Amino acid sequence: MAFTSHMAAALAEARAAADRGEVPVGAVLVDPHGRVVAAAGNRTRELSDPTAHAEILAIRDACAAAGSERLPGHRLWVTLEPCPMCAAAISAARIATLYYAASDPRMGGVAHGARVFDHPQCHHRPQVYDGIDAAPARALLQSFFGTRR
């Protein structure tokens, strides 16, 4: 199967989140056959739910559609380095590959901070590729927060 990036779709979800007044993070989950099975943007404010991060919402939708708590062979595209909560959910769902755009030195949980996948207690470690379309993702976040500070 040829490699196809789904970061453009994740960025579209992030822009939609920003339009709703949410932190602009988007996620897209792709099954082992390359089909998009879930896409989401942050909805923490809208749902009054601190766990309603884009990654969590996409994982919930994909698991419901699959009828399983695990998503082996699936690939997740997200516009920002997942936080520790999301990284733990990615591991628990057994997602095979994580692609993310912008790094998050302050709240990230993959390459920064908690480094969830590096802990010996981590049962599943996905393949991780960072920096995919990082510039537009970073610009979207900077623009969003720039108007609020």
Side-chain angles (χ1 to χ4, degrees), residues 5-32 35-119 121-130 132-134 136-149:
S5 175
H6 293 275
M7 194 58 77
L11 284 164
E13 291 290 338
R15 285 190 287 278
D19 290 345
R20 294 189 302 272
E22 300 278 356
V23 174
V25 177
V28 173
L29 249 168
V30 178
D31 74 10
R35 295 179 297 236
V36 173
V37 294
N42 276 358
R43 292 186 179 276
T44 59
R45 291 185 176 141
E46 176 185 338
L47 300 176
S48 300
D49 179 356
T51 70
H53 291 195
E55 302 96 317
I56 299 292
L57 296 173
I59 289 169
R60 286 176 184 163
D61 288 350
C63 285
S68 175
E69 74 281 11
R70 295 191 177 155
L71 302 168
H74 286 61
R75 294 171 289 143
L76 177 64
W77 300 82
V78 63
T79 59
L80 183 64
E81 177 183 350
C83 72
M85 173 185 70
C86 292
I90 290 163
S91 177
R94 307 302 197 264
I95 291 171
T97 310
L98 167 65
Y99 302 91
Y100 69 86
S103 293
D104 189 353
R106 191 173 76 79
M107 296 295 294
V110 176
H112 299 90
R115 297 182 185 204
V116 171
F117 304 139
D118 292 341
H119 281 265
Q121 296 90 349
C122 184
H123 295 293
H124 171 77
R125 292 162 182 82
Q127 287 282 321
V128 177
Y129 299 93
D130 64 348
I132 312 287
D133 288 335
R138 191 176 313 106
L140 181 60
L141 286 158
Q142 288 171 338
S143 173
F144 178 83
F145 286 113
T147 62
R148 283 159 175 74
R149 293 186 177 144

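All values below come from the heavy atoms of this structure, side chains included, with hydrogens, waters and symmetry mates left out. All figures in this text were calculated on a predicted structure; none of them were measured in a lab.
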Peer 1: So, using side chain to side chain donor-acceptor pair (under 3.5 Å) as the criterion, who are the partners of Glu55 when residues are at least two apart?
Peer 2: none
Peer 1: Which atom names give the shortest non-hydrogen contact between Phe117 and Arg125, and what distance separates them?
Peer 2: O-NE, 2.7 Å
Peer 1: Measure the shortest side-chain to side-chain distance between Leu141 and Val23 over non-hydrogen atoms and say whether it is less than 4.5 angstrom.
Peer 2: yes
Peer 1: Counting N and O atoms only, with roles assigned by atom type, does the side chain of Arg75 sit under 3.5 Å from a partner on the main chain of Leu98, one being a donor and the other an acceptor?
Peer 2: no
Peer 1: Tell me every residue that passes side chain to side chain donor-acceptor pair (under 3.5 Å) with Asp49, counting only those two or more places apart in sequence or in another chain.
Peer 2: Thr51
Peer 1: Where is the tightest heavy-atom contact between Ala134 and Ala101, given as atom of each residue plus distance?
Peer 2: CB-O, 3.6 Å
Peer 1: Tell me which donor-acceptor pairs under 3.5 Å the side chains of residues 84-92 have, and how far apart each pair is, sequence neighbours excluded?
Peer 2:
| unit_1 | atom_1 | unit_2 | atom_2 | d |
| --- | --- | --- | --- | --- |
| Ser91 | OG | His124 | N | 3.4 |
| Ser91 | OG | His124 | O | 2.8 |

Peer 1: Should the pair Arg148 and Phe144 be classed as cation-pi, given the thresholds of under 6.0 Å to the six-membered ring centre and 45° from the axis?
Peer 2: yes
Peer 1: Can you list the residues that meet the side chain to side chain donor-acceptor pair (under 3.5 Å) rule with Arg106, with sequence neighbours excluded?
Peer 2: none
Peer 1: So which atom in Ala27 and which in Ala58 form the shortest heavy-atom distance, rounded to 0.1 Å?
Peer 2: CB-CB, 4.3 Å
Peer 1: Just so I know, are the side chains of Asp104 and His112 near enough to count as touching, which here means a heavy-atom distance under 4.5 Å?
Peer 2: no
Peer 1: Taking the side chain from Arg115 and the backbone from Ala111, do they hold a donor-acceptor pair closer than 3.5 Å?
Peer 2: yes
Peer 1: Give the minimum heavy-atom separation between Ala102 and Arg138, together with the two atoms involved.
Peer 2: CB-N, 4.2 Å
Peer 1: Residues two or more places apart in sequence or in another chain: which of them pass side chain to side chain donor-acceptor pair (under 3.5 Å) with Ser103?
Peer 2: none
Peer 1: Does Ile59 reach the side chain of Ile95, with side-chain heavy atoms less than 4.5 Å apart?
Peer 2: yes
Peer 1: Ignoring hydrogens, what is the shortest heavy-atom contact between Met7 and Val78? Give both atom names and the distance.
Peer 2: CE-O, 3.4 Å
Peer 1: Side chains of Pro136 and Leu11, heavy atoms from C-beta outward: is any pair under 4.5 Å?
Peer 2: yes
Peer 1: Would you call Glu46 and Arg20 a salt bridge, taking side-chain N to carboxylate O under 4.0 Å as the test?
Peer 2: yes
Peer 1: Could you go through the side chain to side chain contact (heavy atoms under 4.5 Å, CB included) check for Thr44 and Glu22 one step at a time?
Peer 2: CA-CA 7 Å; Thr44 59; Glu22 300 278 356; 3.3 Å; yes
Peer 1: With a 4.5 Å limit on heavy-atom distance, are the side chains of Pro24 and Asn42 in contact?
Peer 2: no
Peer 1: Using the side chain to side chain contact (heavy atoms under 4.5 Å, CB included) rule, take Arg94 and Leu71 through it: C-alpha gap first, then chi angles, then the decisive distance, then the call.
Peer 2: CA-CA 6 Å; Arg94 307 302 197 264; Leu71 302 168; over 6 Å; no
Peer 1: By the ring pair (Phe, Tyr, Trp, His ring centres under 6.0 Å) test, which pairs, at least two apart or in different chains, include something from residues 41-68?
Peer 2: none
Peer 1: When you look at Arg43 and Leu57, which way does the side chain to side chain contact (heavy atoms under 4.5 Å, CB included) test go after all the steps?
Peer 2: CA-CA 8 Å; Arg43 292 186 179 276; Leu57 296 173; 3.9 Å; yes
Peer 1: Would you say the side chain of Leu29 lies within less than 4.5 Å of the side chain of Trp77, judging by non-hydrogen atoms?
Peer 2: no
Peer 1: Are the side chains of Val110 and Tyr100 in touch, meaning some heavy atoms are under 4.5 Å apart?
Peer 2: yes
Peer 1: Are Glu81 and Asp130 packed together at the side-chain level, in the sense that at least one heavy-atom pair is separated by less than 4.5 angstrom?
Peer 2: no
